Amino acid sequence: MSQQLTLKKKAARRYRFNPVVLALIPFVVLIVMFELLPLIYLIMTSLLSDDETHYTLSQYATALTSPYYLKAITNSVTISLGSSVIGLIVSLFAAYSLTKLSTAARERLLTISNMSSNFAGVPLAFAYIILLGNNGIFTILLNSWGLDAFTPDLYSWTGLMLVYVYFQIPLATLLLYPVYFGIQEQWKDASALLGAGTFTFWRKIGLPVILPGLAGTFIILFANSMGAYATAYALVGGNFNLLAIRIGSLVAGDVVTKPQLGSALAVLLGLMMMAALAVNARLMRSLRKELTNV
């Protein structure tokens, strides 16, 4: 009898309502309303035919077989990879330089980097047009000095890459800055005592330690540039065949709208980002395992 009472008390204690769960209700509602429901609607729309009478995979077939949309995917992947690599290389040295500054200077530069990483979209494109557009300030100055050869064409792939790199570098700097604190000064002293130079230390010890952080930062930069829409659209409009611009024109275009095809392209964009994140997670697990075994 006493054993049954004990089991009942344990069961009652196990299923006792926890008031802390109430605090999670707004978060769950937020996730359902603004994440799950739009995602479900997007997937269902991508499976509709053009006349919305039946479900079909024709939208995905069009997106994956049309040379026009395949070129948009290729262009987006190319510019994302290029801007991510450039941003990662520049921020690799920039973040390391921050660790060598005083605390006050470091905090100021981190604040500026934080502001710069959020300065994107239409304001960023408008700022570049004022500075480097056809009648921009720097363009006029360089032309008046006879240095027009050094003026970049803002409305070309070079100018678009320049704008993408601008908002990639501050973000990568903020992400890589804490990574360097995983390298202890004792390691540098020990490697110096053993006769290893600076290059050998970074090749054998430093880079393997920060490599998971580099891989994670690269994936975030890639996803950030793949989903960039406002900056590219405000700068070049629909003249450049990028995936985000094609999705926007299909969903809310001025001439012809095909929300079903735009939803299919959006789903493919999301799948590419999820694949990149999955590769990053697997890579980081393997790198951490190798470091642990070492």
Side-chain angles (χ1 to χ4, degrees), residues 34-88 120-122 125 153 155-165 167-168 215 218-283:
F34 296 98
E35 295 289 342
L36 294 180
L37 291 181
L39 179 61
I40 294 173
Y41 177 77
L42 180 70
I43 295 174
M44 292 180 62
T45 304
S46 68
L47 295 173
L48 286 174
S49 60
D50 290 334
D51 54 3
E52 300 183 357
T53 57
H54 60 280
Y55 289 99
T56 177
L57 294 176
S58 60
Q59 308 297 344
Y60 290 97
T62 302
L64 294 175
T65 57
S66 172
Y68 183 64
Y69 296 115
L70 288 177
K71 187 63 176 177
I73 296 174
T74 303
N75 290 339
S76 295
V77 171
T78 302
I79 196 170
S80 298
L81 287 175
S83 62
S84 299
V85 170
I86 296 174
L88 189 65
V122 177
D153 185 4
Y155 308 106
S156 65
W157 284 110
T158 303
L160 198 60
M161 179 69 73
L162 184 64
V163 176
Y164 270 59
V165 169
F167 63 75
Q168 296 280 55
F218 177 79
I219 296 300
I220 292 175
L221 294 180
F222 178 80
N224 184 44
S225 56
M226 280 291 291
Y229 169 74
T231 302
Y233 186 78
L235 188 64
V236 298
N239 298 326
F240 280 70
N241 193 13
L242 294 175
L243 183 56
I245 293 179
R246 294 282 72 81
I247 294 172
S249 63
L250 288 171
V251 174
D254 296 330
V255 181
V256 179
T257 58
K258 291 184 177 180
Q260 297 84 5
L261 182 56
S263 299
L265 289 173
V267 171
L268 293 177
L269 176 61
L271 290 176
M272 285 188 288
M273 292 185 178
M274 291 175 60
L277 292 174
V279 170
N280 172 62
R282 185 171 182 179
L283 178 63

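None of these values were measured; they are calculated from a predicted model.
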Name all residues meeting the side-chain contact (heavy atoms from CB on, under 4.5 Å) criterion together with Asn224; count only those two or more places apart in sequence or in a different chain, and write none if there are none.
Phe167, Gln168, Leu171
Indicate the atoms forming the closest heavy-atom contact of Gln59 with Ala264, along with that distance.
CB-CB, 3.8 Å
Which value, rounded to the nearest 0.5 Å, describes the distance between Thr56 atom OG1 and Asp50 atom CG?
9.0 Å
Over all heavy atoms of both residues, which pair between Ala125 and Thr231 is shortest? Give the atoms and the distance, please.
CB-O, 3.7 Å
Taking only residues two or more places apart in sequence or in another chain, which ones pass side-chain contact (heavy atoms from CB on, under 4.5 Å) with Ala232?
Leu160, Tyr164, Leu242, Ile245
Sequence neighbours left out, what passes ring-ring contact (aromatic ring centres under 6.0 Å, His included) with Phe240? Give chain and number order.
Trp157
Would you say Ile219 and Met273 make side-chain contact, with heavy atoms under 4.5 Å?
no
Ser46: what forms a side chain to side chain donor-acceptor pair (under 3.5 Å) with it, not counting sequence neighbours?
Tyr60
For Tyr229, look at atom OH and say whether over 12 heavy atoms of other residues, nucleotides or ligands are found less than 6.0 Å away.
yes
Are Met226 and Val77 side-chain neighbours, meaning at least one heavy-atom pair lies under 4.5 Å?
yes
Would you give the length of the straight line joining atom CG of Leu88 to atom CD1 of Ile86, rounded to the nearest 0.5 angstrom?
11.0 Å
Would Tyr233 and Val122 satisfy side-chain contact (heavy atoms from CB on, under 4.5 Å), going step by step from the backbone distance to the final call?
CA-CA 8 Å; Tyr233 186 78; Val122 177; over 6 Å; no
Going by the rule side-chain contact (heavy atoms from CB on, under 4.5 Å), which residues pair with Leu64 if we only count those two or more places apart in sequence or in a different chain?
Leu268
Using the side chain to side chain donor-acceptor pair (under 3.5 Å) criterion, which residues pair with Glu52? Sequence neighbours excluded.
Gln260
Contacts of Thr65 that satisfy side-chain contact (heavy atoms from CB on, under 4.5 Å) - sequence neighbours left out:
none
Going by the side-chain hydrogen bond (donor to acceptor under 3.5 Å, both in side chains) test, which pairs reach into residues 68-80, not counting sequence neighbours?
Tyr68-Arg246, Ser80-Ser225
Strictly by side-chain hydrogen bond (donor to acceptor under 3.5 Å, both in side chains), give each pair with a member in residues 267-276 just once, sequence neighbours left out.
none
Roughly how far, to the nearest 0.5 Å, is CG of Leu250 from OG1 of Thr257?
8.5 Å
What residues form a side chain to side chain donor-acceptor pair (under 3.5 Å) with Tyr55, not counting sequence neighbours?
none
Taken to the nearest 0.5 Å, the spacing of Leu265 CG from Leu261 CG works out to 5.0 Å
Check whether any side-chain heavy atom of Leu81 sits under 4.5 Å from a side-chain heavy atom of Phe218, and report yes or no.
yes
